[in-house]
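Below is one structure, written out as structure tokens, with a few remarks after it.
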Amino acid sequence: MKHNFGAGPGILPHEVLKQAAAGVIDLNKIGLSILEISHRSAEFESILDEAVRLVKELLGVPEGYSVLFMQGGASTQFALAPYNLLPEGGKAAYLETGVWANKALKEAKYFGNVEIVATSKESNFTYIPKDYTIPEDAAYFHITSNNTIYGTQMQAFPKSPIPMVCDMSSDIFSRKINVADFGLIYAGAQKNMGPAGATLVIIKDDILGKSGRKIPSMFNYQTQIEGGSMYNTPPCFAIYVSMLTLNWLKSKGGVEAIEQENIAKARVLYEEIDRNPLFKPVCAVEDRSHMNVCFVMENPEHEKPFLKLCEDKGIVGIKGHRSVGGFRASIYNALPITSVYVLIDAMQEFAEKTQVAQ
Ligand SMILES: *Cc1c(COP(=O)(O)O)cnc(C)c1O
């Protein structure tokens, strides 16, 4: 078995993979595969109901919110949020904290005006801007809770006078959040919730119907809510595996318990990066992500041999994104702390070898 630090699609719990594999052959002993049953069947309806119920339970989703499973990934939500929420000629506010935030605001420009309230672009997104004012005349304020590529994470959310829209693709279910602080939350499943193909959307019902736009059915949150995520054929298998993963999370003690594990994993890894003279962190300490840990080497020539050592130890997926370089260790919910210790051992072993050679 490998130690999977990949950024996405990311690691899934081994138990979940076994259950999913069994469901592909014979779902709950009904003699049919999850891949070949009607989405209107009692079996699938109960899977979808259970997935929605688990989302509500694990995140404490209050009354007045709808939970949807959609397709098209977070990138489709970049467009659907403004399509549904931004009136013709209106304005939306965005916090630009990375490539994903930038892609989100580019889509909003197809529908109206965009105000970038703050950006950390000038520093290649190594921190989260904190000194800004949210304009009250904007339709919504869009943020990215965790910047998967740069390794920064919002450790606190602002109080917003307008509905807050949040891309939580890479840290949903990793920590406690107060859903009531948000008008719309969306997340592609493939980082921390399940396989690619399903997108989770949590929406406050009363923010809808205010844009005055005519919206085609598939792109309209209202149609999706009325259809219970089944206006058309949903991504059945991705929803099934997401449900299994959420069930696994519940059995581990839920979001509060996994948050403590995530904090512990991040702490030991950042401690090693700070301590080990060969490695250095890239992000502002107060904004360090508990999901994607980015670091580089003091001597870039060491990066290739270190990567090779990692490969030899079964560590995969830690090469950094091309826009940051170096390394990115994604330590999503399903990654055990034992894998983090394997990485730390590799860092220490590499440092010892290198110092002896010098
Ligand atoms: C991966 C990612 C995306 C893109 O998700 P898709 O489902 O591939 O569209 C968007 N935002 C964030 C924060 C991500 O990590």
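Whatever order the structure lists ligands and atoms in, that order sets their numbers, starting from 1.
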### Task
Mind checking whether Y186 contacts ligand 1 via backbone (N, CA, C, O), side chain (CB onward), both or neither, at a 4.0 Å heavy-atom cut-off?
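No part of Y186 is near ligand 1 at this cut-off.
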### Query
S170 pairs by side chain to side chain donor-acceptor pair (under 3.5 Å) with which of T144, N146, N147?
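Considering T144, N146, N147, a side chain to side chain donor-acceptor pair (under 3.5 Å) with S170 is found only for N146.
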### Query
Would you say ligand 1 has an N or O under 3.5 Å from any N or O of A74?
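Yes: some nitrogen or oxygen of A74 is under 3.5 Å from one in ligand 1.
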[X] heavy atoms, cut-off 4.0 Å: which ligand 1 atoms fall inside?
X	result
N146	13 (C)
S169	10 (C), 11 (N), 12 (C), 13 (C), 14 (C), 15 (O)
F78	10 (C)
T148	12 (C), 13 (C), 14 (C), 15 (O)
G73	7 (O), 9 (O)

Considering only the protein, which heavy-atom contact is closest to [atom], and what is its distance?
atom	answer
atom 14 (C) of ligand 1	K191 NZ, 2.9 Å
atom 8 (O) of ligand 1	Q190 NE2, 3.4 Å
atom 11 (N) of ligand 1	D167 OD2, 2.6 Å

### For atom 9 (O) of ligand 1, the option (of G197, S75, A104) bearing the nearest heavy atom
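Shortest heavy-atom distance from atom 9 (O) of ligand 1: S75.
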### Task
Give a yes or no on whether a salt bridge exists between K176 and E256, defined as a side-chain N under 4.0 angstrom from a carboxylate O.
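Salt bridge flag = yes for E256 with K176.
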#### Entry: side chain to side chain contact (heavy atoms under 4.5 Å, CB included) partner of M154, chosen from D287, D171, L95
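Of all the options given, the one that passes is L95.
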### Query
If you group Ile, Leu, Val, Met, Phe, Trp and Tyr by side-chain heavy-atom gaps below 4.5 Å, do V99 and Y127 land in one group?
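V99 does not cluster with Y127.
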### Query
What distance do F125 atom CZ and S120 atom OG have between them, rounded to the nearest 0.5 Å?
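Going from CZ on F125 over to OG on S120, the span is 5.5 Å.
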### Task
Determine, for W248 and K18, whether the Lys NZ or Arg CZ falls below 6.0 Å from the six-membered ring centre while staying within 45 degrees of the axis.
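Here K18 fails the 6.0 Å and 45° test against W248.
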### Message
Between F306 and F279, is the ring centroid distance below 6.0 Å?
### Response
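F306 vs F279: aromatic centres under 6.0 Å.
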### Query
Do other residues, nucleotides or ligands put more than 12 heavy atoms under 6.0 Å from the CD atom of E122?
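More than 12 within 6.0 Å, yes.
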